[in-house]
Undergrad: 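Quick one: structure below, then a few questions.
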Amino acid sequence: MPAPATVLVFLDPAFEGGRVADASKPQLMATDLGATRGDGVFESLLAVGGRPRKIQAHLTRLAGSARLLELDIPAEDAWRRAVETAIGEYRRQDPAVTAAGGTDDDEVVVKLLVTRGPEGAAAPTCWVQASAPGAAGRRQRETGIDVILLDRGYDSEVGERAPWLLLGAKTLSYAVNMAALRYAHEHGADDVIFTSADGRVLEGPTSTVLLAHLETTDDGAGGVRTIRRLITPQLDSGILPGTSQGALFTAAKAAGWELGYGPLEPKDLLDADAVWLISSIRLLAPVNHIDGQEIGTPELRRQLTAELNALFATIE
Ligand code: PLP
């Protein structure tokens, strides 16, 4: 069955739920600074069964990114309505949803996009896009991924020292991130973990790094207990704060996991019981190998991934 066509909904004060536009026709000016300079911000989120997941966290991060770029974007309500319109329009064309007995776990990729608009524009151009998820992401949740470490060339404190690098913003300038992914593919890997010039673990080009560390200790009553720690790199090391990592940490804490925030070095990844790249669309992708070295064991990766997936599924 062909996937439904991509849906576009422009935020436009003249249209209550946003203005639906034809994605097969040109919609942006060729002079738009988003196109000519990558000058803009965005968010990507997953809608499952028609419900956008972690929408508030994405709206909050979008507002933060926009602030860093001094872009004056519409209020959250307008975004929420446009997201609802886009998901509704997309699902109306989706045979998996409309067929008798249709499922309620269909997935839609929703992007919230902002460009500075054409040179001299009074306001940014803002729209929501709804489209089909790629097959590769779904597959990688199941099969796991092989990753290589790549130097990002900055030290882990540059974000503080050079705020104009916009390291904490989700900007449209993803050419570097995409180049790193192509480099990984050319070298037989699926994905990348960036390291800093001072040897810290940072993030993936489109994901946050997580690791699990299990420690068995005396329970004080003659038995043993296992302490389970979930660790991510320090949020102030020039990385994008992940909404998936944030939500998973909250759920994991409630389920008895201990939480930790770096600093992490490559050795910590290689010594971990499991490592994942986590993001809103692909969700948890277990890392099988880093630079050719196996992480944990297949059984441990499977068990821990199943446990964290179950926790992640409880997140709204
Ligand atoms: N880090 C980078 C650079 C990203 O591009 C992304 C998502 O695209 C993430 C982390 C993960 O963020 P989230 O979990 O909010 O999708």
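Every heavy atom of this structure was used, including side-chain atoms; hydrogens, water molecules and symmetry mates were not. Note that ligands are numbered from 1 as they come in the structure, with each ligand's atoms numbered from 1 the same way.
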Undergrad: To the nearest 0.5 angstrom, please state how far the OH atom of Tyr154 sits from the CG atom of Leu202.
TA: 11.0 Å

Undergrad: So is Gly204 touching ligand 1 or not, going by heavy atoms under 4.0 Å?
TA: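 For ligand 1, residue contact (heavy atoms, under 4.0 Å) with Gly204 is present.
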
Undergrad: With heavy-atom distances below 4.0 Å as the criterion, list the atoms of ligand 1 near Pro205.
TA: 3 (C), 5 (O)

Undergrad: Identify whether the distance between the nearest side-chain nitrogen and carboxylate oxygen of Lys253 and Glu258 falls below 4.0 Å.
TA: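 Result for this pair is no, no salt bridge flagged.
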
Undergrad: Is the distance between the ring centroids of Tyr174 and Phe42 less than 6.0 Å?
TA: yes

Undergrad: Which atoms of ligand 1 are found less than 4.0 Å from any heavy atom of Gly242?
TA: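 Those of ligand 1 that fall under 4.0 Å from Gly242 are 12 (O), 14 (O), 15 (O).
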
Undergrad: Among Ala247, Ala57, Ser244, whose heavy atom sits nearest atom 14 (O) of ligand 1?
TA: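 Residue with the shortest heavy-atom distance to the ligand atom: Ser244.
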
Undergrad: Show the atoms of ligand 1 that are less than 4.0 angstrom away from any heavy atom in Ser280.
TA: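 In order of numbering, the contacting atoms are 13 (P), 14 (O), 15 (O), 16 (O).
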
Undergrad: Mark up the atoms of ligand 1 that fall under 4.0 Å of a heavy atom belonging to Thr208, in ascending order.
TA: 10 (C), 11 (C)

Undergrad: Would Glu43 count as a contact residue for ligand 1, given that I'm defining contact as a non-hydrogen atom of the residue lying under 4.0 Å from a ligand atom?
TA: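 Glu43: no contact with ligand 1 (<4.0 Å).
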
Undergrad: Looking at ligand 1, does Lys170 have a heavy atom less than 4.0 Å from it?
TA: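 Yes, Lys170 has a heavy atom closer than 4.0 Å to ligand 1.
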
Undergrad: Does the side chain of Ile193 come within less than 4.5 Å of Leu277's, by heavy atoms?
TA: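 Yes, their side chains come closer than 4.5 Å.
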
Undergrad: For Ser173 and Arg37, work out which heavy atoms get closest and say how close.
TA: OG-O, 4.2 Å

Undergrad: Could you tell me if the side chain of Leu248 sits less than 4.5 Å from the side chain of Leu311, heavy atoms only?
TA: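 Of all side-chain heavy-atom pairs linking Leu248 with Leu311, at least one is under 4.5 Å.
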
Undergrad: Do Leu210 and Phe249 have side chains that get closer than 4.5 Å, going by heavy atoms?
TA: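 Yes. Closest side-chain heavy atoms under 4.5 Å.
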
Undergrad: Using heavy atoms and a 4.0 Å limit, tell me yes or no: is Ser44 in contact with ligand 1?
TA: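 It does not; every heavy atom stays at 4.0 Å or beyond.
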
Undergrad: Using a 4.0 Å cutoff against the non-hydrogen atoms of Ser207, which atoms of ligand 1 qualify?
TA: 1 (N), 2 (C), 4 (C), 6 (C), 9 (C), 10 (C), 11 (C)

Undergrad: List ligand 1 atoms under 4.0 Å from Glu203, heavy atoms only on the residue side.
TA: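 Taking each heavy atom of Glu203 in turn, ligand 1 has 1 (N), 2 (C), 3 (C) under 4.0 Å.
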
